[in-house]
Structure formats: C-alpha cells, structure tokens
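Remarks on the structure that follows.
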Amino acid sequence: MKRRIVAVGAALLVLVGCAGNTASGGPKSPAVSSPSGASGPTVETTSMPVSGPWRAWTASVTRPEAHGSCGATAHQVVCATNSGSLVGRSRADGRVTWTVPADDHAKSAELLVDAADARAVAGVAGALHAADLRTGTRAWTRRLPTGRVYGALGAADGIVYALHAPEPFVRAGAVLDAVRASDGTPLWHRAVGWSPGEPVAAFGGRVYTADGITRVTARDARTGATVATSPAGVECPHLVTGGHYLVCTGSPFSAEDTFPPMHRLDPATLRPLPTPRNTIDKPVQGVISDDGVLVLYEAGAEDTSAGNWYAYDLENDRKLWSTYATRTDGAAVAGGRFVTFTPANDRARRGRVITIDLHAGPRGTGNAAPRMSAAYSQTRDGEHPALVLPAGDTGHVVVMARTHGSLRSLPLP
C-alpha cells in the first residue's frame, strides 16, 4: 500500500512591529569574477544600476516580520501579518508608506497582491482583509463562521477567489467563494474538492482547483458553474500553474517511492496534452513562465535537500536543460530568466542571487550566460532568504532575510 503524508498550513506572514526602518541606496555592487577552477557554470557576476522609480535599498524589519511573507507590484512592496494587517512600503527606499491594521490572530496567513485590481488581500484564520493599493486604505473585510479558515487565494478580472475549509481540515468540507475585488460583494460559492497546498488558479474566464488526488476542475469565473473536469485515470497529486499553463506532477508531500506521470492539461478541456517526460525523482516545486517553460525541482524521495532543477519546454514537448543544484525555496521567473539563489555548498559563489536563461540554461553563453549578483548579507543561506519579484519590467528583485530581519532591493542580475 502506498503511503501519503500531507503537510498542512501556509508560511507565516509578517508581523509588523514598532521598530523603525532604515533605508539607503548603499554602495554600488562591484563586478565579481568567477575563479577559473571553480565548479559549476561560468557566470557574469555584476550588479548593474537600473533607471526608473525602483531603487537599491535596505530596510530593517522586526523578527516577527522576517518570519512572514511579502509580495510586490511595479509600484510598491506589500506585506501581510498573521493578525491580518497589510503594510505598504516604498519602492524608492523601503520605508513604510501605509498600514491597514487588523486584530485577528493565527499561526499562518494567505497573501494575495492583485496589481490589476489594485487590491492586497490577507486571509488570516477566518477573516479576509483587503487594502486599496492606490490609497493605502481599507477596502473591505469578510469573515467566515467559527471553525473555518482560509487556505488559498486567487484573483483575475476583478474577482477574488477565496478557498476555505474546516479546521482541522476535512477534505469534503472545502468551499470556494468568489467576491468582487472592489468592495468584497459575494458573487457565488461552490463546494470543491481540495487538499492543503493546492493552488487556486484563475485565467481566461475560468477558475481552477485541484483535489490533490486525481481531479482538477474548471469553473466559469462569472457563475461558478463547472465547465470541465480532468478525465478519470489522470493522476494529479499536485497542480503547478503559471503563465496560463496547468501541469500535474507528483505530490511534494508524498512518501512514495515512485511518482505518477507528469501531465500538461488543456485549460479548455482539462485533457492531458503531450508532456516532455515522466518525473523520475520526487517533484518538489515548480514555476512556469509566460511562454511555457516549466522549471521543476526534483529530489530524492527521502531527502529533498539533494536534488536538481530541470527545465521543460511545454509548447514544443522537450526537455531544455538540466541540472542546476540548489535549494528548493526561492524560485521565480522574470524577464525570460529563472531566478533563484546560488548553492550553499558552492564556496566560490554562495550567498548570491543568480538568474539563468530559461532556454539556454546554466551552460548558456554570451547574453544567455547565467548572471549573479554580488554577495549580500540578506542573500546568505543562513538568513533563510525569500525572493519577492515586483510585477512589470522593474529590473529589481527584493530579498527578505528571515534570520536577521531585513529587506534588500537590488538590481536583477
């Protein structure tokens, strides 16, 4: 009999304290050359000044904040607390520009930063708190009946989708609510199959949920009516989404020794499409670019610290490159490049942000060569850093250091 272990809960979000913030542009990052005898890809290590409203800065945060999570738009950094408060920070210097307080309490929270609809939404325990990103004021609040908690958020085309379930989790009790982003007015709600850790994806006039076993369901965004379900026999322990793509992989929470085939799903019918390969090692985390490049971390079933990133071209049904070995956390895509941190065990290059061309991979050359930032205190492995990628073509990345709490905005390598 196969055995499955499911981890429940989301990452703790920031708790805003009363310690002051410091901000400074700091010195320019020097160019750093790679030693000729070092292992790994040859990289260009320089941090370039970027014109525009985003600036290089550092901002100190309290320890509770550092255990949280942030998002960003092209105009600001937004953080949520485990009390439901929402905090906006300047893209120019990292200082707090607005705060929308709340007094709920939970160990974890969900954060949605919806730039298109100018809303930031924090789901904490049984409460949803929304802020207007343009004014930094409260937009609306919604509360659930006692005993239910929010587990996943999504948004598109003026609608916020909030998935909630009983606490402790009962698989049959999940509900998906659709509310108007502008004022929180309820639009519809539907009982759904869902497992903790599964996303809510919304695009193309549809909203997608997964039950963490076999079934992916597509609903009409306006009515909530079911318009497609994945066919029987297509296993989907975990759904990876991004760039209007849906990919089923094995579960990162599974204790199995083998994993089901990887399937790309047609967003219209949810039927499987040609997919580059079956995963051999355990799929742990994945990101998908707008042009259909899936970068998937695969690790040993018993030790997820030992694994590699692989890149697959979903449109042309082929593997692009492998392997880049680093940790599983801190992965994103921006400007046609995969963004992550350098391996902690690479003494010559550790403690940096690295970007890798999505198509050329870690062995790319010329303009497609990997590029690294200078080493910063916030990007050291021991700081448990997290990446925050601003929306739009800002040319910057924000790194949150969790051990010694601070944020650093730096030019994207």
Side-chain angles (χ1 to χ4, degrees), residues 6 110 112 114 116 151-157 159-163 174 176 178 190 192-254 259-279 282-298 309-320 328 331-333 338 358:
V6 177
E110 298 291 327
L112 166 72
D114 179 13
L153 302 176
D157 302 324
I159 301 176
V160 171
Y161 303 97
L163 196 152
L176 180 65
R190 297 286 185 273
V192 298
W194 181 73
S195 180
E198 291 306 297
V200 173
F203 57 86
R206 295 185 173 191
V207 56
Y208 301 87
T209 56
D211 68 2
I213 304 175
T214 60
R215 185 61 56 85
V216 179
T217 302
R219 289 178 172 79
D220 183 272
R222 295 174 295 110
T223 66
T226 298
V227 293
T229 57
S230 57
V234 177
E235 293 186 71
C236 196
H238 181 55
L239 182 66
V240 180
T241 70
H244 295 193
Y245 291 88
L246 304 168
V247 176
C248 288
T249 72
S251 171
F253 307 123
S254 172
F259 308 97
M262 183 167 69
H263 291 293
R264 174 189 169 200
L265 302 181
D266 183 329
T269 65
L270 295 184
R271 294 188 177 278
L273 297 172
T275 308
R277 61 163 279 184
N278 296 339
T279 55
K282 178 178 181 175
V284 178
Q285 180 186 0
V287 292
I288 308 176
S289 68
D290 288 343
D291 63 347
V293 176
L294 165 67
V295 188
L296 185 68
Y297 186 88
E298 301 175 38
W309 291 97
Y310 296 78
Y312 305 100
D313 183 342
L314 298 175
E315 288 290 347
N316 296 298
D317 188 20
R318 63 193 179 100
K319 186 168 75 172
L320 291 172
T328 60
V333 291
F338 175 59
L358 285 172

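- In this view, S289 and D291 satisfy the side chain to side chain donor-acceptor pair (under 3.5 Å) rule, not counting sequence neighbours.
- Within the structure, the disulfide bond (SG atoms under 2.5 Å apart) test picks out the following pairs touching residues 198-247 (sequence neighbours left out): C236-C248.
- With sequence neighbours left out, the salt bridge (charged side-chain N to carboxylate O under 4.0 Å, His left out) criterion links D313 to R318.
- Looking at residues two or more places apart in sequence or on another chain, you find no side chain to side chain donor-acceptor pair (under 3.5 Å) involving T226.
- Taking R264 as the reference, E315 meet the salt bridge (charged side-chain N to carboxylate O under 4.0 Å, His left out) condition, with sequence neighbours excluded.
- Annotation: salt bridge (charged side-chain N to carboxylate O under 4.0 Å, His left out) contacts involving residues 197-217, sequence neighbours excluded, are absent.
- Each ring-ring contact (aromatic ring centres under 6.0 Å, His included) pair with one or both residues in residues 194-232, not counting sequence neighbours, appears once here: F169-W194, F203-Y208, F203-H244.
- The CG atom of L358 sits 10.5 Å away from the CG atom of L294 when rounded to the nearest 0.5 Å.
- With sequence neighbours excluded, the residues that form a side-chain contact (heavy atoms from CB on, under 4.5 Å) with A162 are L128, Y150, L153.
- Listed by chain and residue number, nothing satisfies the salt bridge (charged side-chain N to carboxylate O under 4.0 Å, His left out) test with D157 (two or more places apart in sequence, or in another chain).
- Shown here are the salt bridge (charged side-chain N to carboxylate O under 4.0 Å, His left out) partners of R271, two or more places apart in sequence or in another chain: there are none.
- Using a distance-only test at 3.5 Å, with no hydrogens or angles considered, no donor-acceptor pair links the side chain of R222 to the main chain of G205.
- In this view, Y245 satisfies the ring-ring contact (aromatic ring centres under 6.0 Å, His included) rule with no residue, not counting sequence neighbours.
- The salt bridge (charged side-chain N to carboxylate O under 4.0 Å, His left out) contacts involving residues 241-254 comprise nothing, where partners must be two or more places apart or lie in separate chains.
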